[in-house]
Protein chains: 2
Amino acid sequence: MSDTKPSRTVVRTITDLARIAGVSPGTVSRALAGKSLVNAKTREKIVSLAREHGFRPNQMASGLRRQKTGVIGVAIPLGHDTRQQISDTFFMTLLGFLADELTVHGYDLMLRRVVPEDDADWLDRFIGSGMIDGVIVIGQSDQYERIEDVADGYLPMVVWGNHTEGQRHCVVGTDNRLGGRLAAERLIAAGATRLAFLGDTGPMEFAARYAGAQDVAARMDVPLLALPTHLSPDHAGEEIARHLAAHAEAIDGIFAATDTLASLCLAALRERGLAVPEDVKLVGFDDLPFARQTVPPLTTIRQDIAAGARGLVQLLLRRLAGDETESLILPPQLVIRQSA
Amino acid sequence: MSDTKPSRTVVRTITDLARIAGVSPGTVSRALAGKSLVNAKTREKIVSLAREHGFRPNQMASGLRRQKTGVIGVAIPLGHDTRQQISDTFFMTLLGFLADELTVHGYDLMLRRVVPEDDADWLDRFIGSGMIDGVIVIGQSDQYERIEDVADGYLPMVVWGNHTEGQRHCVVGTDNRLGGRLAAERLIAAGATRLAFLGDTGPMEFAARYAGAQDVAARMDVPLLALPTHLSPDHAGEEIARHLAAHAEAIDGIFAATDTLASLCLAALRERGLAVPEDVKLVGFDDLPFARQTVPPLTTIRQDIAAGARGLVQLLLRRLAGDETESLILPPQLVIRQSA
DNA sequence: CGAAATTATGCAATCGTTTGCAATAAACCT
DNA sequence: AGGTTTATTGCAAACGATTGCATAATTTCG
């Protein structure tokens, strides 16, 4: 139980505590909430009694009465082929930062991974559960429309993802298109003349990265080959190998949609005896911790995950206060290491 | 809100729904809960009405009344130097599996990262909040005693970590000592004659891995040097470099406490011009996804994270049902790749 | 010293569901 | 037909904390 346990009388409710303190439940509630309407001495007695008995007010009851829970929902939609826990490293890191950031602001975090295909109603269900004061959605996946629908009637929602012209829901995210441009520019600056994009262009974020690369390719009049690749690490390896088998001589610069893909690509290139960056330049995206430990260390486009988490929480807090916030677009940053 | 919205009358509570259905709130509650005590036709009408209006019963109210929340708390204590989000990759992966596994069983997951030093009361607070039906603690960190204390009075708790003789709290975890033995045996079988252990021996899991290595070293009469290394990726790199500078010629086989450390070690060895596995053999622990993509691919001790998550949830469910379960120790598995 | 202002406390309703018990209606038996 | 079961439903009391309002205690002030 607690450190000191001289209490035979179990005190579970505010009423129990009120009894042994010789006051009314209302007073206990006020004292514990630190309201100014109670006598300092009374408050002190109640607080010390509460500590002694290890009493904590029931959050559900409190939540019910106050019509707020102190809990923020975090939903991770697992789209299309992403079936399994793929979204991994990046999203999980973001989640860690989110947990810290929410804690700082006194909120708890309720995590839900959802498979939209099996459960079309996931977002309404989460919001309507009455368990959360607001929701953060990590990744738009292929649920753009659903999120838009909800955004109209529900203010306290912020989404991690890509921003599109005229979009109605509030997002925080990296400027993916700019990131794509930076990547392509770097590849060309490093001497590549025939580019390829490695990744699935279905999800909006990736589509934007691809579009950015296209911008540059068109401007510089350089060919850009799209090599559609699922992100599931199980299949991605083979898919990349197949792509390389088919197109290896046609390309000398690869922009991988994520560092994870880039790392797999590195392995596949090594297997084919192609040297990086001599034969092929490679740029990743994310700048995950392991990016500096690959061989060679990965040149990549950095997303500031910590800043993203801070942004998500800050915007959500403002929305909880009724403020109709704008989206927040973070600048990506080219990190040059040795792969390009 | 919902797909069809022909409803001007907003229906937020079970009472609202009861009114438009022309029955009593009690009946609605029973119908929605799928109890057998309502007429099939009535139930059907109520359910369809509920769907039409996008109504979902408030979980807080329900939780309060039923004295259960349908939420499992997951606590991640961040011990000692681990200040930041270090525990990362492994714990985060475990968390992902946990989320899936809990969802399958109809539970939600409430995540809390705690810094025990700042908040000695973390576990009691979490449990006493009334928000969760049970708790899973990910990692004992340096909180062994506190967890033991709580275990006596609180049944629905399961911990990921190391099992020790006579321990009172229920854990699920890998047999770390056996893992340590496997690692050391492999190093020796690969030709190493002077071993070193890389990692912090403070946390129990790591201490057990080290002890396992010691078992083998003693038995085979081989020296084993402990190279204390913090896990924080920022400092670990330098620390490892310093260790190597001091002891590189004295050792030819390294057992790293985690794959993350092993990967950093790989980089440090490369920097010193030492070839793996020719000059130095290296074995990691965890078998994280990236272990197969390092250069050379990492020989490591595999922990079955998915099985761990399943175990945690299953034991917790049994404890929620009042069963006083035993701990579950999973066998580690040596995965031979190319680093040893 | 008594009236008015101020401060502390208690009372009781409320948040939205669930559920034991009672009441009603319907069906079954002899 | 009358007396039992049985199947549905409604009523109202919880669950535990919060809070507006009223009351009691204390202080302030003319």
Side-chain angles (χ1 to χ4, degrees), chain A residues 9-47 49-50 53-71 106 108 125 127-133, chain B residues 9-47 49-50 53-71 106 108 125 127-133:
Chain A
T9 53
V10 58
V11 30
R12 270 182 343 97
T13 78
I14 222 171
T15 313
D16 293 344
L17 192 58
R19 190 174 321 112
I20 66 177
V23 297
S24 82
T27 303
V28 173
S29 172
R30 282 185 274 251
L32 261 30
K35 305 242 182 181
S36 57
L37 314 83
V38 283
N39 182 295
K41 256 208 217 118
T42 322
R43 185 214 316 296
E44 212 174 308
K45 180 164 81 174
I46 292 176
V47 169
L49 231 37
H53 290 265
F55 169 78
R56 336 208 178 268
N58 182 305
Q59 298 269 93
M60 296 238 122
S62 165
L64 176 57
R65 173 65 227 241
R66 306 214 326 257
Q67 296 291 75
K68 52 194 309 241
T69 65
V71 180
D108 267 313
R125 275 248 307 282
I127 291 170
S129 71
M131 279 288 259
I132 58 178
D133 290 340
Chain B
T9 53
V10 58
V11 31
R12 269 183 343 97
T13 77
I14 224 171
T15 312
D16 294 343
L17 193 58
R19 189 175 322 113
I20 67 177
V23 297
S24 81
T27 303
V28 173
S29 173
R30 282 185 274 251
L32 261 30
K35 304 242 182 181
S36 55
L37 314 83
V38 282
N39 182 295
K41 253 206 221 126
T42 323
R43 185 213 316 296
E44 213 172 308
K45 179 164 81 173
I46 293 176
V47 168
L49 230 38
H53 291 266
F55 169 78
R56 333 207 180 271
N58 182 306
Q59 299 269 93
M60 295 236 122
S62 165
L64 177 57
R65 172 65 226 240
R66 306 216 325 260
Q67 297 290 75
K68 51 194 309 243
T69 64
V71 180
D108 266 312
R125 277 247 308 282
I127 291 171
S129 72
M131 279 287 259
I132 58 178
D133 290 340

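First the proteins, then the strands, lettered A, B, ... as listed; each starts at 1.
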query = Which part of the nucleic acid does B/S29 contact within heavy-atom distance under 4.0 Å: base, sugar-phosphate only, or nothing?
reply =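 The residue B/S29 makes base contact.
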
task = Would you mind classifying the nucleic acid contact of A/R30 as base, sugar-phosphate or nothing, using non-hydrogen atoms under 4.0 angstrom?
result =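 Result for A/R30 = base.
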
request  = Report yes if some heavy atom in the side chain of B/L32 is under 4.5 Å from a heavy atom in the side chain of B/V47; otherwise report no.
outcome  =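 B/L32 reaches B/V47 side chain to side chain.
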
request  = At the 4.0 Å heavy-atom cut-off to chain B, mark where contacts on DNA chain C begin and end, going 5' to 3'.
outcome  =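 Using the under 4.0 Å cut-off, the span is C/dG16 to C/dG20.
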
task = Rounded to 10°, tell me the angle between the two end axes of the helix from C/dC1-D/dG30 to C/dT30-D/dA1, each built from five pairs.
result =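 Terminal axis comparison yields 50°.
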
Nucleotide range of DNA chain D lying under 4.0 Å from chain A heavy atoms =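 Answer, 5' to 3': D/dG16 to D/dG20.
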
task = Map B/V38 and B/Q67 onto DNA chain D by nearest heavy atom, then report which one ends up closer to the 5' terminus.
result =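 Between the two, 5'-proximity favours B/V38.
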
ask   = With sequence neighbours excluded, what pairs up with B/R125 under the salt bridge (Lys or Arg N to Asp or Glu O under 4.0 Å) test?
value =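 B/R125 satisfies salt bridge (Lys or Arg N to Asp or Glu O under 4.0 Å) with B/D119 once adjacent residues are dropped.
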
key: With B/R30 via salt bridge (Lys or Arg N to Asp or Glu O under 4.0 Å) - residues at least two apart   =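 Counting only residues at least two positions away or on another chain, B/R30 forms no salt bridge (Lys or Arg N to Asp or Glu O under 4.0 Å).
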
task = Rounded to the nearest 0.5 Å, what's the gap from NZ on A/K68 to CE on B/M60? Could you check?
result =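 These two atoms lie 11.5 Å from each other.
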
ask   = Could you state the interatomic distance from CD1 (B/I14) to CZ (B/F55), rounded to the nearest 0.5 Å?
value =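 Interatomic distance, B/I14 CD1 to B/F55 CZ, rounded to 0.5 Å: 5.0 Å.
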
ask   = For A/R65, which residues count as a side-chain contact (heavy atoms from CB on, under 4.5 Å) partner, sequence neighbours excluded?
value =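 Scan of A/R65 (side-chain contact (heavy atoms from CB on, under 4.5 Å), adjacent residues dropped) gives none.
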
query = With B/T27, which residues qualify under side-chain contact (heavy atoms from CB on, under 4.5 Å), at least two apart?
reply =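 Checked B/T27 against side-chain contact (heavy atoms from CB on, under 4.5 Å); matches are B/V23, B/S24, B/V38, B/T42, B/I46.
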
task = Kindly state each residue pair satisfying salt bridge (charged side-chain N to carboxylate O under 4.0 Å, His left out) with at least one member in residues 37-46 of chain A, sequence neighbours excluded.
result =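 As it turns out, there is no salt bridge (charged side-chain N to carboxylate O under 4.0 Å, His left out) pair with a partner in residues 37-46 of chain A once direct neighbours are skipped.
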
ask   = Sequence neighbours excluded, which residues qualify as side chain to side chain donor-acceptor pair (under 3.5 Å) partners of A/N58?
value =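 None.
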
task = Please report the shortest heavy-atom distance between A/A61 and B/L64, naming the atom on each side.
result =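 In this case the closest contact between A/A61 and B/L64 is CB-CD1, 3.9 Å.
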
query = Heavy-atom contacts under 4.0 Å between residues 14-25 of chain B and DNA chain C, which residues?
reply =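 Heavy-atom contacts with DNA chain C come from B/I14.
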
Show me, pair by pair, the donor-acceptor contacts under 3.5 angstrom made by side chains of residues 15-22 of chain B, not counting sequence neighbours?
residue, atom, partner, partner atom, Å
B/D16, OD2, B/R12, N, 2.9
B/D16, OD2, B/T13, N, 3.2

key: Expected output: side-chain A/T69 to main-chain A/M131 donor-acceptor under 3.5 Å   =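 Yes, because the side chain of A/T69 sits within donor-acceptor range (under 3.5 Å) of the backbone of A/M131.
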
